[in-house]
Number of protein chains: 2
Amino acid sequence: MSRQMVRPGGRSARVQASVHTAVRELASEVGRDALTVPMIAQRAGVTPSTVYRRWGDLQELLSDVAVERLRPETAPGDHGALAADLTAWAEQFLDEMSSPAGRAYIRDALLGDPDGGNAGQCSAYAAEQIDVILTRASQRGEKVPDVETVIDHVVAPLMYRILFRPDGLGAAYAHRLVTAALDPTGR
Amino acid sequence: MSRQMVRPGGRSARVQASVHTAVRELASEVGRDALTVPMIAQRAGVTPSTVYRRWGDLQELLSDVAVERLRPETAPGDHGALAADLTAWAEQFLDEMSSPAGRAYIRDALLGDPDGGNAGQCSAYAAEQIDVILTRASQRGEKVPDVETVIDHVVAPLMYRILFRPDGLGAAYAHRLVTAALDPTGR
DNA sequence: CGCTAAAAGCTAACCAATTGCGTTAGCTCA
DNA sequence: TGAGCTAACGCAATTGGTTAGCTTTTAGCG
């Protein structure tokens, strides 16, 4: 888990919030690679030593912020059928993650992450969203694969290509993956 | 592609080689996280400014070294049948990549890699190996899937779980992926 | 064999990163 | 509600990673 085991209210919470927003603001102003701890601290109205004590180093801070931004803000849409729901979700997922900013967030989340906790959180977000879609389809009476199958057949290929082969990715590929994963002869 | 567009022979090549070996030696001596550019430069018999000029920063240097170490050194073994060849390859792949050292190399390769060239190289290595296996099987007269299918169904799930969910990975999972990918009803 | 340009060495100044210590503020229990 | 306790923060000084400008070397070529 993250290092948000801080006192829940008061100054600690304020510091954390202002540091996080400072990171996001500065990242969009000067670019992610130009970020430094002193720069962030100044914008947040905090001293650099506070940042070092709370987060250890810049990478862990960026990893925390990245996970926060990768958290889905809305439940997956309901289009009346499993295939449509999954396709729409996969296309949106690909869209958000394959942008330069999205790739940078993924890499940051993977990076400052010795114990693998933050990366696991990202995967858990996707699994939650898929579970919502599958549960809804199941209640409609549709036959559904399990979450792990969808992760192996849809999420993993998308993520692999986002990270290792950013070229030639599009909605068509996402659609194809979903269709193959749901094809009964493919199960 | 990498930044190895240097003069092919002479001093440039010597400097690059000695810097790379310095990184590998020091990484095993003091640990990857303790590496610094001045430290590497001294071991390599070079001034720090040379490293900064050639590689930009430590991350890009580590990314180059990581890609070099992720290059397979031997052709995939021949076990007489496609399923056996692929299973053996997948198990070895998983074994090498899921170790702490392997994960560190992957993350380094992804990291100092703005244009995605180094990551693409890693993927190309895997594709080459798979192509060798498939071509061999095809010459035996076996019916074979194409490379992209194997990447989607085997390599991507393995890599996804290595990066995002390191727990509970084993040879059995790799074997299961290969079997599913080759199952005719699964295509 | 001399010319040219790319690449490496060198030095010094800058500023990010880090750490120790004193102070503040939030939580808890009487 | 207020006194005590401790986690968290600010301050300041030190270290050393990083960069820029200039000189020197060397590989490639006519």
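Order of the sequence lines sets the chain letters (A, B, ...), proteins ahead of strands, with each chain counted from 1. It should be emphasised that the depicted structure is a prediction, and the values quoted were computed from it without experimental measurement.
For the pair A:P38 and B:V46, both in contact range of DNA chain C, the more 5′-proximal nearest nucleotide belongs to B:V46.
Atom P of nucleotide C:dG9 and atom CZ of B:R54 are separated by 10 Å, given to the nearest angstrom. Taking atom CE of A:M39 as the reference point, atom C1' of C:dC14 lies 14 Å away to the nearest angstrom. In this structure, A:L61 atom CG and C:dT18 atom C1' are separated by 16 Å, rounded to whole Å. Protein atom CD of B:Q42 is 13 Å distant from nucleotide atom P of C:dG9, rounded to whole Å. In this structure, the CG atom of B:D57 is 17 Å from the C1' atom of D:dG16, given to the nearest Å. When rounded to the nearest whole Å, the span between CZ of A:R14 and P of C:dA25 equals 9 Å. Between the CD1 atom of B:I40 and the C1' atom of D:dG17 there is a distance of 12 Å, given to the nearest Å.
With distances taken from any side-chain atom of B:S12 to the nucleotides C:dA7, D:dC9, D:dG21, the minimum falls on C:dA7. Among the nucleotides C:dA8, D:dC11, C:dA16, the one closest to any side-chain atom of A:R53 is D:dC11. Comparing D:dG17, C:dA8, C:dA17 by their nearest atom to the side chain of A:Y52 picks out C:dA17. Nearest nucleotide to the A:T36 side chain, out of D:dT19, C:dA17, C:dG9: C:dA17. Side-chain proximity of B:V37 to D:dG10, C:dA17, D:dT18: nearest is D:dT18.
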Show your reasoning for whether salt bridge (charged side-chain N to carboxylate O under 4.0 Å, His left out) applies to B:D78 and B:R140. CA-CA 12 Å; B:D78 187 341; B:R140 286 194 202 105; 2.8 Å; yes
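Between A:W55 and A:H20, the angle of the ring planes lies from 30° to 60°, which puts this pair in the tilted group.
Salt-bridge annotation for A:E29 and A:R43: present, with a side-chain N of the basic residue lying under 4.0 Å from a carboxylate O of the acidic one.
Among the atoms of the strands shown, base atoms are found under 4.0 Å from some heavy atom of A:T47.
Donor-acceptor pairing under 3.5 Å, judged by distance alone, is present between the side chain of A:S49 and the base of D:dC11.
Cluster annotation: B:I40 and B:V37 are assigned to the same hydrophobic cluster (Ile/Leu/Val/Met/Phe/Trp/Tyr, side-chain heavy-atom contacts under 4.5 Å, transitive).
The 12-atom threshold is exceeded at CD of A:E25, counting heavy atoms of other residues, nucleotides or ligands nearer than 6.0 Å.
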